[in-house]
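Before any comments, here is the structure.
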Amino acid sequence: MSTEDNKSIPEEEPGKRSLNFIEEKIEKDLNNNKNNRQVHTRFPPEPNGFLHIGHAKSIVLNFGLAKEYNGKCNLRFDDTNPIKESTEYVDSIKEDIHWLGYDWEERLYYASDYFEQLYEMAEKLIKDGKAFVCDLSQDQIAEYRGTPTEPGIESPYRNRSIEENLDLFRRMRAGEFPDGSRMLRAKIDMSSPNMHLRDPIMYRIKRSYHHRTGYDWCIYPMYDFAHGQSDYIESITHSLCTLEFEVHRPLYDWFLDNLVEEGEIRPQQIEFARLNLSYTIVSKRKLLELVENDYVDGWDDPRMPTISGFRRRGYTPDAIKNFVEKVGIAKRDNVIDVALLEHSIREDLNKKAPRVMAVLDPVKVIIDNYPDDTTEDLELVNNPEDESMGSRKVPFSKEVYIEKKDFMEDPPKKFFRMAPGREVRLKGAYVVKCDDYKKDDQGNITEIHCTYDPQTKSGADTSGKKVKGTLHWVSAPHAFQAEVRLYDRLFNDPAPSSKDEDFKAFINPDSLKVFKNCYLEPVLKDAEPEDKFQFQRIGYFCVDRYSEKRLPVFNQTVTLKDTWAKKEKQQQNQKKKG
RNA sequence: UGUCCGGUGGUGUAAUGGCAACACGUCUGAUUUUGGUUCAGAAGAGUCCAGGUUCGAACCCUGGCCGGACAACCA
C-alpha cells in the first residue's frame, strides 16, 4: 500500500460487479487472514411456519456467499420454543430450500442438538458469577426492567451466592419448580441504555413437548442465549440476520466474550435489511392468521408470498433467485415494487415456457365457408424464443372458440380485434372476416359468423393481406374443458401491514377468479402438475399441484404485459375523473 | 425524550475524495402472425438540511431534521 505512489488508473474489471457491504466485510476478513480464511454461514429458520419470500433473500444470501467464497452454509433449525414449533414446518422448510436449489449436505443441525452444551455454558456463567436465578414474576420482571428512556432496577435475587444459584438452576432442570416460577438471568447491567443488556433471561421453565427432544427438558434457552453459541459451536464465521437484531448484537457479543475459548473461531453478527414487497405482507404471524382463519387455501395458496405458494403459482426457482439478486443487500428499510418480481418470472418463463392456446371465456365462431367435416392439423411453433423447443400439431375446423373480449359490436378505433366487417387472423391459421353475429335476450353475443380466406393459410399466405389483429382460438370439437384460476394481488393496499388498521381490512375480495368452462388445445391433456405454459396473449400458467386428469386445474402465474389493457384502464380512470 | 441503525430519480441498488450509474417502472418510436418478445430512444435525482475541511464532497467532520428498531419467560 505504501508504495502506491504513481496513481495508476484502476483497471476496468468488467467481470467484477460492485460488492455489497457484507461481501466487502468478508473480503476484508479474508485479507486479514481472519478465521483461517474460512467463510462459514448458516440459514437459521425457526420451524414455526412456512418460509416466505423474505426467507428466500436470506437463503440466497447465506448459501450464495458460501458458494462465492468457497465456504459452507449450514441449515440450522432454531428450535428453542417448543410450543410454536413442529416437524411439519421442519419438513416444509427443508423441501423449500431444496426446491430453490440449495443443499446443506450433511450439515443439518438443530439448536436443540446443543441443549446439553448450552446447559453447560449456563453453569459456567453461574460459576463465574455472571448469571443468577431470579424468582420475580413475569409482571415484576417487566416492571423492574424499566423503559427505553428510564433505567431498570436490580432484582432482589441478583446477589444470591454462586452455590445457591447453581443448586437452584440444577433443580430447575430437574423439574422441581413450576413453570414460570424462576428463571436464569445474565448479570449484566440494569441501567444499560440497551434494554437487552438489562439482565436478560437465559432460561425459562416451560413444560412442553418438544418436536425433537420430547419431554427431556423442562427448561429451554432463550434465543439470545442459544443463537450466538450455536453459531460458535458450528464455527460460523459470519452470522447474518435482519436489522431488528441489531440491538441484540451487544448481548450476542457479551455471551461470546464470556464463553469463547482461545484460538476458536468467533462468529460475528452482521445485520441487513429484510425484504418488504408492495401489496403483500411478509410476517409469519400474519400469514399464519390468514391460514388459520381460512382467508386462503393453506400455506401454499398461490396468492401467498410463501416459497410454496410461489411454487404452486408457477414461479420458478430461477425467477425467485434472480429477483432476490436484483433487489440487492443493504441496511436501509425498503419496499420492493411487486412489479420487479413479476418482471423476473416473465423474463424466465418467456425463455422456458412452451406457447399454447387456451380460451378462458369462450364464444363460438362459425366459419361458414369452411367445409363441414374437415379437420386440418396446423403446425405451430412451441416457442419463438427457442427453436429447439420444436413445434406441434393443432387441429383447426369449422367451429372454433375465441375469447369474448376479442369481439366488439361497436369497437373504438384502436381496437384491433374482431368486429363486424373486420378481418383478423386466427393465430397459425387463416384470416377471417366477421359477417354476422347473434345475441340472446340479454344482449350477450352467442355466436359469431365469419368467412375465411383460403389464400391466407399461415406460412403459405399468397393473399398479401395485412391485418392488425391476431387472435388465439381453439377448435370446438377438439377442445377439452378445464378449470383456470386467475389470481390478483391478495391486498389492495400497497402497504397493508404498515397501517394502524388490521391488515385483514385490506384483503382484495377479487384476488381469486375461477373460470370453470375454459377450452384448451388438445396437447394440454398430457400436462402434469407444475408443468408451465404460456397461454398466448393471456399469460403464464401452470398445472395446479393438486390437479387431477379428470378436470385439470391451471393456475395463472402472471399475466403477459398488456399495453392494450393498460390504455383501457387509463381511459376509464380519466372518464371517472373527468 | 435514552441507545442503536438508516436517509441517492416513482421503486430498489451502485458510485468509497474526481463527469451521480444500473435495473424495474413510466413515456415515445420501430419490428412482430402473441397489443408478448426484441430493438432504438426519452423523461425523471444534483444525493434530507445547514455549516466546515479540500483544488474538488453523495462519500470526511460538526450540528440539525426525518425515518426505523428496541420495554415477549417469541425468534
Side-chain angles (χ1 to χ4, degrees), chain A residues 17-20 24 44-46 48 78-81 83-85 134 136-138 141-143 145-152 179-185 192-198 201-206 219-220 222-224 226-227 241-250 271 273 275 278 284-285 323 326-344 346-347 350-351 355 357 380 384-385 414-417 424-429 431 456 458-459 461 466-472 534-539 559-567:
Chain A
R17 61 182 178 87
S18 61
L19 302 176
N20 65 50
E24 274 178 7
E46 184 189 13
N48 68 342
D78 216 338
D79 55 350
T80 57
N81 185 12
I83 61 172
K84 287 187 175 176
E85 298 154 4
C134 181
L136 253 27
S137 71
Q138 187 153 203
I141 283 274
E143 210 179 302
R145 189 158 24 222
T147 70
T149 53
E150 295 164 304
D179 284 13
S181 61
R182 288 190 160 86
M183 69 213 127
L184 185 71
R185 292 229 256 168
S192 170
N194 183 336
M195 298 288 289
H196 296 278
L197 260 19
R198 319 241 263 228
I201 297 167
M202 295 163 59
Y203 271 90
R204 72 281 210 184
I205 306 173
K206 186 179 275 198
I219 56 172
Y220 289 95
M222 299 287 288
Y223 164 85
D224 286 304
H227 201 99
C241 62
T242 44
L243 252 31
E244 66 269 29
F245 291 100
E246 214 155 23
V247 262
H248 292 243
R249 185 163 15 107
E271 311 85 12
L275 182 149
S278 63
K284 268 202 248 181
R285 203 205 84 231
F323 166 70
K326 277 184 257 219
V327 159
I329 303 293
K331 292 193 75 164
R332 61 186 94 102
D333 293 326
N334 61 80
V335 181
I336 312 296
D337 191 338
V338 70
L340 185 61
L341 216 210
E342 294 179 344
H343 169 262
S344 302
R346 286 191 188 109
E347 182 183 47
N350 180 47
K351 289 180 295 193
R355 268 116 249 233
M357 294 197 286
L380 268 74
E385 307 294 313
K414 287 246 173 148
F415 185 82
F416 301 147
R417 306 173 187 186
V424 293
R425 176 174 287 282
L426 296 178
K427 174 87 184 169
V431 171
T456 59
S458 189
D461 192 324
K466 289 276 178 196
V467 291
K468 272 287 206 181
T470 300
L471 306 187
H472 63 278
Q534 183 194 102
F535 288 1
Q536 285 195 115
R537 302 211 306 130
I538 306 176
T559 61
L560 251 31
K561 281 214 270 184
D562 190 345
T563 48
W564 172 246
K566 191 157 69 182
K567 273 181 188 158

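In what follows, chains carry the letters A, B, and so on, assigned in the order in which the sequence lines appear, proteins first and then strands, with residues in each chain numbered from 1.
- The minimum heavy-atom distance linking A/W564 with A/R417 is given by the pair CD1-NH2, 3.0 Å.
- At a threshold of 4.0 angstrom between heavy atoms, the contacts of A/S192 with the nucleic acid are absent.
- Across all strands shown, A/F245 has heavy atoms under 4.0 Å from base atoms, whether or not it also approaches the sugar-phosphate.
- To the nearest whole angstrom, the two C1' atoms, one in B/A43 and one in B/G29, are 15 Å apart.
- One P atom belongs to B/G44, the other to B/U32, and the distance between them is 32 Å to the nearest Å.
- A donor-acceptor contact under 3.5 Å links the side chain of A/H248 to the base of B/A75.
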How does protein reach along nucleotides 29-38 of chain B, written 5' to 3' as B (base within reach of a heavy atom under 4.0 Å), S (only sugar-phosphate), or - (no contact)? ----BBBBS-
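- In this structure, A/H196 places its NE2 atom 15 Å from C1' of B/C73, rounding to the nearest Å.
- B/A71 and B/C59 are spaced 36 Å apart, taking the C1' atom of each and rounding to whole Å.
- The pair A/E271-A/R249 meets the salt-bridge criterion, since a charged nitrogen lies less than 4.0 angstrom from a carboxylate oxygen.
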Footprint string (nucleotides 6-13 of chain B, 5' to 3'): B base within contact, S backbone only, - free, heavy atoms under 4.0 Å: SSB--SSS
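- B/G7 and B/A30 have their C1' atoms separated by 41 Å, with the value rounded to a whole Å.
- Here B/U62 sits opposite B/A50 as a Watson-Crick or G-U wobble pair (both hydrogen-bonding atom distances under 3.5 Å).
- A gap of 7 Å separates the C1' atoms of B/G56 and B/G18, to the nearest Å.
- In this structure, B/G2 and B/C70 make a Watson-Crick or G-U wobble pair, each of the two defining distances being under 3.5 angstrom.
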Side-chain atoms of residues 329-337 of chain A: list all donor-acceptor pairs with protein atoms under 3.5 Å, sequence neighbours left out, distances to 0.1 Å.
from: A/K331; atom 1: NZ; to: A/E246; atom 2: OE2; distance (Å): 2.7
from: A/N334; atom 1: ND2; to: A/R274; atom 2: O; distance (Å): 3.3
from: A/N334; atom 1: ND2; to: A/R332; atom 2: O; distance (Å): 3.4
from: A/D337; atom 1: OD1; to: A/A339; atom 2: N; distance (Å): 2.9

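- Within the shown strands, B/C39 is the pairing partner of B/G29 under the Watson-Crick or G-U definition, both distances less than 3.5 Å.
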Full working for side chain to side chain contact (heavy atoms under 4.5 Å, CB included) between A/H248 and A/Y223: CA-CA 10 Å; A/H248 292 243; A/Y223 164 85; 4.3 Å; yes
